[in-house]
J.: 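One structure follows; several queries about it will come next.
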Amino acid sequence: MSQVPLPKASPLKVALIGYGFVGKTFHAPLIAATQGLELTVIASSDSQKVHHDYPDVEVIASPEQAVTHPDIDIVVIASPNSTHAPLAKRALLANKHVIVDKPFTLDLAEARELIQVADHQQRLLSVFHNRRWDSDYLVIKHAIEAGKIGEVAQFESHIDRFRPEVRDRWREHAQPGSGLWFDIGPHLVDQALQLFGLPDTVDGNISLLRQGAKIDDWAHVVLNYPKHRVILHCSMLAAGGSLRFVVHGHAGSLVKREADQQEAQLVSGLRPGSSEWGKDGDELIHYSAQGEATYLPTPAGDQSRYYQGIVDALSPGGKNPVTPVEALAVMAVIEAAVKASQSGARQSLALTAEEVAQF
């Protein structure tokens, strides 16, 4: 994209659109903990809820008014998925830098339009793929890159939960952008693409398994590469959970049993900068070719590094922590998996040669 004009002063003033679970649990505390950012405006219909947590923040009921607020430098969109594209476009046209929670958009067409608008407006556009800074992913990434198991043959990534009761919330209603694959899939896909790049093809099996389910609550997706396979799985019917990562290579295997703890820490009130922030006591198990087990320490995760990356990106020489084309590639895999599940046929990614080259 074109050179992004730098803001005139610091701290950068941020408007957060949406104060549901994602906005309240992730974005607001991570923004508030980041030096160089000031959480100034929150768009919410529940001002009492917001002011209980952030008494000095201005609350605006209308998201449309918040994204065009004259004092704001950055708009963060954490509202329902179907609103991502229209709100992001309006913010960009109002000359704001924009961060969109995952999934980026509902489809590739919306994603491409936002990229074009951001380029025309010379504004930063980024997507909140925060789980690049999770402890479980980081320890697996480091072990693979260090050659602990040689060439990877099979990579499995699971985010499974046990929520057998269908709840009355937008994510579980039959509407565009809802369902488990659009909720959890972007996390799984983004981590896989960061590790292995774009797959040749995608197989998908996405279904409704719970009684009374209105939208998908189970997904099993396979990314096909020339010499290995990546299995991405998420479920709402996994009592006791499952192994977070299992990776088999030509010289051994890796097992990460438990997931990163930052979400649970944020829910409990722990904040970035605390002494226990991001710590993960669950060690990575490395099995050698002879079957001998070695336990490797897991580094602390820190999702606030995403927002520090945004501050850096709006400084001279800075780099966007998650570029629009990276988010576009995630959407291409999400879309390919849905089409594969519906058709029963393996799918290629609907990306242009130029988009592939930019990834």
Side-chain angles (χ1 to χ4, degrees), residues 16 18-34 39 42 49 53-54 76-81 99-103 127-141 157-165 167 169-172 178-192 194 217 219 232-245 256-284 298-310 321-322 330:
L16 172 61
Y19 203 65
F21 178 79
V22 171
K24 173 182 170 65
T25 305
F26 290 96
H27 290 281
L30 294 177
I31 294 166
T34 302
L39 184 57
I42 294 179
K49 176 183 175 182
D53 300 331
Y54 301 96
V76 177
I77 298 171
S79 47
N81 297 343
I99 296 167
V100 185
D101 195 79
K102 59 81 209 163
V127 178
F128 186 63
H129 282 299
N130 55 316
R131 294 193 181 273
R132 294 186 189 184
W133 294 273
D134 277 4
S135 61
D136 49 21
Y137 168 71
L138 290 174
V139 74
I140 284 287
K141 179 177 184 287
S157 177
H158 284 247
I159 297 182
D160 295 328
R161 299 162 176 166
F162 188 63
R163 296 177 181 170
E165 300 297 329
R167 294 189 286 176
R169 57 178 192 152
W170 70 263
R171 291 187 187 277
E172 299 188 49
S178 62
L180 191 62
W181 179 237
F182 262 79
D183 183 21
I184 301 300
H187 291 312
L188 301 173
V189 171
D190 182 65
Q191 290 179 338
Q194 289 300 299
D217 54 16
L232 308 178
H233 187 93
C234 50
S235 171
M236 298 285 250
L237 288 174
S242 57
L243 298 175
R244 177 65 182 90
F245 289 106
K256 181 65 172 74
R257 295 162 297 183
E258 297 179 10
D260 176 271
Q261 294 300 302
Q262 288 174 88
E263 179 175 342
Q265 290 177 336
L266 287 166
V267 169
S268 72
L270 195 69
R271 293 295 178 257
S274 303
S275 60
E276 294 301 307
W277 172 249
K279 288 188 177 180
D280 185 345
D282 177 56
E283 295 178 309
L284 178 70
T298 299
D302 187 3
Q303 294 179 12
S304 69
R305 287 173 56 192
Y306 171 82
Y307 273 108
Q308 188 57 59
I310 292 295
V322 180
V330 171

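Quick caveat, the model's predicted, so the values are computed rather than measured.
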J.: If you measure from OG1 on T25 to CD on Q265, what distance do you get to the nearest 0.5 Å?
T.: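 Between atom OG1 of T25 and atom CD of Q265 there are 13.0 Å.
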J.: Any side-chain to backbone donor/acceptor pair from T34 onto L30? Under 3.5 Å, distance only.
T.: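 Yes; at least one donor-acceptor contact below 3.5 Å.
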J.: Which atom pair, heavy atoms only, marks the closest approach of A219 to W181?
T.: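 What the structure gives for the nearest pair is CB-CE3, 3.8 Å.
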J.: Taking it one step at a time, do D53 and Y19 satisfy side chain to side chain contact (heavy atoms under 4.5 Å, CB included)?
T.: CA-CA 11 Å; D53 300 331; Y19 203 65; 2.6 Å; yes
J.: Determine whether L243 and K256 make a side-chain contact, defined as any pair of heavy atoms from C-beta on separated by less than 4.5 Å.
T.: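 No - every pair of side-chain heavy atoms lies 4.5 Å or more apart.
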J.: Can you tell if the side chain of F245 reaches within under 4.5 Å of the side chain of Q191, non-hydrogen atoms only?
T.: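 In short, these two side chains touch, coming nearer than 4.5 Å.
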J.: Measuring from atom CG of L16 to atom CD1 of I77, what distance do you get when rounded to the nearest 0.5 angstrom?
T.: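 Rounded to the nearest 0.5 Å, the CG-CD1 separation comes to 10.0 Å.
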J.: Are any of the side-chain heavy atoms of R132 and L138 separated by less than 4.5 Å?
T.: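 A side-chain contact is absent here, since even the closest heavy-atom pair is not under 4.5 Å.
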J.: Would you call D160-R244 a salt bridge at under 4.0 Å N-O?
T.: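 No, D160 and R244 are not salt-bridged.
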J.: What I'd like to find out is whether the side chain of L266 reaches to under 4.5 Å of the side chain of E263, using heavy atoms alone.
T.: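 Contact flag for L266/E263 side chains = no.
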J.: Without hydrogens or angle criteria, can the side chains of D280 and T298 be said to hold a donor-acceptor pair below 3.5 Å?
T.: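 Distance-only check fails for D280 and T298.
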J.: In terms of the angle between their ring planes, are F128 and Y306 parallel, tilted or perpendicular, with boundaries placed at 30° and 60°?
T.: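 Plane angle over 60°, so perpendicular.
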J.: Apply side chain to side chain contact (heavy atoms under 4.5 Å, CB included) to the pair I140 and L284, showing each step before the final yes or no.
T.: CA-CA 8 Å; I140 284 287; L284 178 70; 3.6 Å; yes
J.: With a 4.5 Å cut-off on side-chain heavy atoms, are N81 and W170 touching?
T.: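 Yes, side chains in contact.
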J.: Return the CD to CG distance between Q261 and D134, rounded to the nearest 0.5 Å.
T.: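 If I round to the nearest 0.5 Å, the distance is 10.0 Å.
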J.: Quick one: sort the Y307 and H27 rings into parallel, tilted or perpendicular, breaks at 30° and 60°.
T.: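 Ring orientation, 0 to 90° scale: perpendicular.
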J.: Scan D136, L188, L180 and name whichever one has a side-chain contact (heavy atoms from CB on, under 4.5 Å) with I159.
T.: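 Running side-chain contact (heavy atoms from CB on, under 4.5 Å) over D136, L188, L180 with I159 returns exactly one hit, L188.
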J.: For the atom pair CD (E165) and CD (E172), what is the distance rounded to the nearest 0.5 Å?
T.: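 Going from the CD atom of E165 to the CD atom of E172 covers 10.5 Å.
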J.: Determine, for D183 against K102, whether the closest basic-nitrogen to carboxylate-oxygen distance falls under 4.0 angstrom.
T.: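 Yes.
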J.: Looking at S135 and G278, what are the two nearest heavy atoms and their distance?
T.: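 Shortest heavy-atom contact: CB-O, 4.2 Å.
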J.: Is any side-chain heavy atom of S235 closer than 4.5 Å to one of D217?
T.: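 No, every pair of side-chain atoms sits at 4.5 Å or beyond.
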J.: How far does CZ of R161 sit from CG of L237, to the nearest 0.5 angstrom?
T.: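 Result: 13.0 Å between the selected atoms.
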J.: Between K24 and K49, is there a side-chain heavy-atom distance shorter than 4.5 Å?
T.: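 In contact.
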J.: Below 4.0 angstrom, N of the basic side chain to O of the carboxylate: do R131 and D190 qualify?
T.: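 The answer is no: the pair does not qualify as a salt bridge.
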J.: Looking at OG of S242 and NE2 of H233, how far apart are the two atoms once the value is rounded to the nearest 0.5 Å?
T.: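 Here the rounded value is 7.0 Å.
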J.: Any side-chain heavy-atom pair from W277 and R271 closer than 4.5 angstrom?
T.: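 The answer is no, as the side chains (C-beta and beyond) never meet within the 4.5 Å cut-off.
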J.: Might you point out which heavy atoms bring G301 and D260 nearest each other, and give the distance in Å?
T.: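 Distance-wise, the nearest heavy atoms are CA-OD2, 4.2 Å.
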